Student: 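Input: one structure, supplied below.
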2 protein chains.
Amino acid sequence: MRKKTTEEYIEIICLLEKQEGRAQTGRIAEAIDVKPPSVTEMLRKLEHEGFIVYESYAGATLTPAGEEMARDLRKRHRTFADLLELLGVGGETAEADACQFEHHVSPETLEHLRVFLAFLKESPDGRRCLEAFGEFRKRRG
Amino acid sequence: MRKKTTEEYIEIICLLEKQEGRAQTGRIAEAIDVKPPSVTEMLRKLEHEGFIVYESYAGATLTPAGEEMARDLRKRHRTFADLLELLGVGGETAEADACQFEHHVSPETLEHLRVFLAFLKESPDGRRCLEAFGEFRKRRG
DNA sequence: GATCATTTTTAGGTATACCTAAATCTGGGT
DNA sequence: ACCCAGATTTAGGTATACCTAAAAATGATC
C-alpha cells in the first residue's frame with residue numbers, strides 16, 4: 001500500500017490515545033497497516049519533530065503541537081465528510097474521500113467550504129437549495 | 001519538493017504534446033521542477049506501463065491509454081476548479097487545490113460533484129442558490 | 001562535413017518509508 | 001523471584017523517486 005504521512009500517524013495516535021490512554025506500537029501498526037518496526041521508526045521521527053512524546057516499549061502520546069494538528073485534521077475531515085454526505089455521497093465513500101482531501105486542502109478553500117457547509121445546514125435558503133438539488137438529481141435519473 | 005506521481009507526469013506530457021508536438025525531457029523537467037535525469041527514468045517507467053511512447057533523445061507522446069488518463073484528469077480538474085470558483089475561492093487557489101483533489105477523488109464522489117456543478121450552473125434553482133450563498137457570505141462578513 | 005553548444009542519457013549515490021528475522025524487553029502467572 | 005508469551009526494538013535489506021557529475025548524442029553553423 002501507499003506510504004503513510006505524518007498526518008495519518010498523528011490521527012491514529014490521537015484516536016488510540018483517546019480510546020486506550022496511549023498509542024502502542026502494535027496498535028498503530030494494525031490501524032494503518034504497516035509492520036511494527038516501521039512504526040517504531042516513525043515514532044522516533046515524530047518525536048524529533050515535536051508532535052509526540054515517545055517512550056520505548058510504552059507508546060506515544062501527543063504533545064500540544066500534536067494535539068493541535070489532530071484537532072485541525074479532525075475539523076478538516078468533518079467539513080469534507082459532512083459536505084459530501086449532504087450532496088448525496090454515500091457515508092463510506094464520503095468518509096474515505098474526506099480522509100484524502102483533508103490532507104491536501106488549502107486554508108482558503110477550507111474556509112470557503114466551511115462557510116458553504118454552514119449555509120447549507122443552518123440557513124433556510126441553504127436548506128431550500130439542498131431540496132432543489134435533490135429534485136434536480138431525481139429529474140436527471 | 002514532493003515526489004511526483006504518474007498522473008502529474010501524464011498531465012504535463014499531454015500539455016507539452018499539444019503545445020509543442022511532443023514532450024521533451026528538459027521541458028517536462030522544468031514544468032514539474034525535477035532534474036532531467038529523473039524525467040528520463042520516469043519516462044521509461046511510463047513507457048513500460050503503457051502510457052507513453054518514449055524515444056531516446058526525442059521525447060514522449062501519449063498512447064491511447066495515456067490520452068485517456070489525461071482526458072480523465074482534465075475532466076476531474078475542471079470539476080473541482082469550477083466548483084471551487086463558484087463557491088468564491090480565488091482563481092489561483094482554486095486551480096492549485098483542484099490539482100491536488102483531482103488525484104484523490106473517488107469515482108462516486110466525482111460524479112456527485114459533477115451533478116452538483118451542473119445544478120449550480122445550469123438550473124435556475126441552482127443559480128438562485130448561488131446568489132443566496134453570496135448574500136449569506138456578505139452577512140457573515 | 002567538422003565543430004561546438006545544448007540537450008539527453010548514463011553511472012553512481014542519497015533519502016525515506018517500508019520490510020523480515022533476530023534480539024530484547026515487559027508483565028502476568030506460578 | 002522466575003519464566004514465558006507476547007510486544008517491541010535492533011539490525012540489515014528493498015524499492016522508489018530523486019540528485020550530481022560525467023559521457024554521449026543531437027543539430028545548428030560555418
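Atom set for the values below is all heavy atoms of this structure, side chains included, hydrogens, waters and symmetry mates excluded. Just so it is clear, the structure is predicted and the values come from calculations on it, not from any experiment. By convention in this document, chain letters (A, B, ...) are assigned in the order of the sequence lines, proteins followed by strands, and residues within each chain are numbered from 1.
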Student: Any luck finding a side-chain donor-acceptor pair between E95(B) and H77(B) under 3.5 Å?
Tutor: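 There is such a pair (donor and acceptor under 3.5 Å, judged by atom type) between the side chains of E95(B) and H77(B).
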Student: Do L83(A) and L120(A) have side chains that approach each other closer than 4.5 Å (heavy atoms only, starting at C-beta)?
Tutor: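 Yes, side chains in contact.
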Student: Check the side chains of T61(A) and R22(A) for a donor-acceptor pair under 3.5 angstrom, ignoring hydrogens and angles.
Tutor: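 Note: R22(A) and T61(A) side chains miss the donor-acceptor criterion.
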Student: What integer distance in Å separates E55(A):CD from dT26(C):C1'?
Tutor: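 E55(A) atom CD is separated from dT26(C) atom C1' by 13 Å.
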Student: Think R137(B) forms a cation-pi with F133(B), using NZ or CZ under 6.0 Å from the six-ring centre and within 45 degrees of its axis?
Tutor: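 Cation-pi check for R137(B) and F133(B): passes.
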Student: Begin from the C-alpha positions of D82(A) and K121(A) and carry the test salt bridge (Lys or Arg N to Asp or Glu O under 4.0 Å) through to its verdict.
Tutor: CA-CA 10 Å; D82(A) 289 357; K121(A) 288 199 331 200; 3.6 Å; yes
Student: Please determine whether the number of non-hydrogen atoms from other residues, nucleotides or ligands lying under 6.0 Å from atom CD of E20(A) exceeds 12.
Tutor: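 Above 12, so yes.
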Student: Once you measure the plane-to-plane angle for F116(B) and F116(A), does it fall in the parallel (<30°), tilted (30-60°) or perpendicular (>60°) bin?
Tutor: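 Correct class here is tilted.
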Student: Work out which heavy atom in E8(B) is nearest to a heavy atom in R2(B); give both atom names and the distance.
Tutor: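 Here E8(B) and R2(B) meet closest at OE2-NH2, 3.2 Å.
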Student: Please produce a list of atom pairs where a protein N or O lies less than 3.5 Å from an N or O of nucleotides 2-6 of chain D.
Tutor:
none

Student: Tell me which residues in residues 17-25 of chain A lie within less than 4.0 Å of DNA chain C, going by non-hydrogen atoms.
Tutor: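 Within residues 17-25 of chain A, no residue comes under 4.0 Å of DNA chain C.
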Student: Begin with the C-alpha distance, continue with both residues' side-chain angles, and end with the deciding distance and a verdict on side-chain contact (heavy atoms from CB on, under 4.5 Å) for Q100(A) and H103(B).
Tutor: CA-CA 9 Å; Q100(A) 295 298 311; H103(B) 302 295; over 6 Å; no
Student: Measure from NZ or CZ of R140(A) to the centre of the six-membered ring of F136(A) and say whether it is under 6.0 Å with the direction within 45° of the ring axis.
Tutor: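 No.
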Student: Taking only N/O atoms, report every protein-nucleotides 15-23 of chain C pair under 3.5 Å with atom names and distance.
Tutor:
residue, atom, partner, partner atom, Å
dA17(C), OP1, K45(A), NZ, 3.2
dC18(C), OP1, K4(A), N, 2.9
dC18(C), OP2, Y9(A), OH, 3.1
dC18(C), N4, E41(A), OE1, 3.0
dC19(C), OP2, K35(A), N, 2.7
dC19(C), OP2, S38(A), OG, 2.7

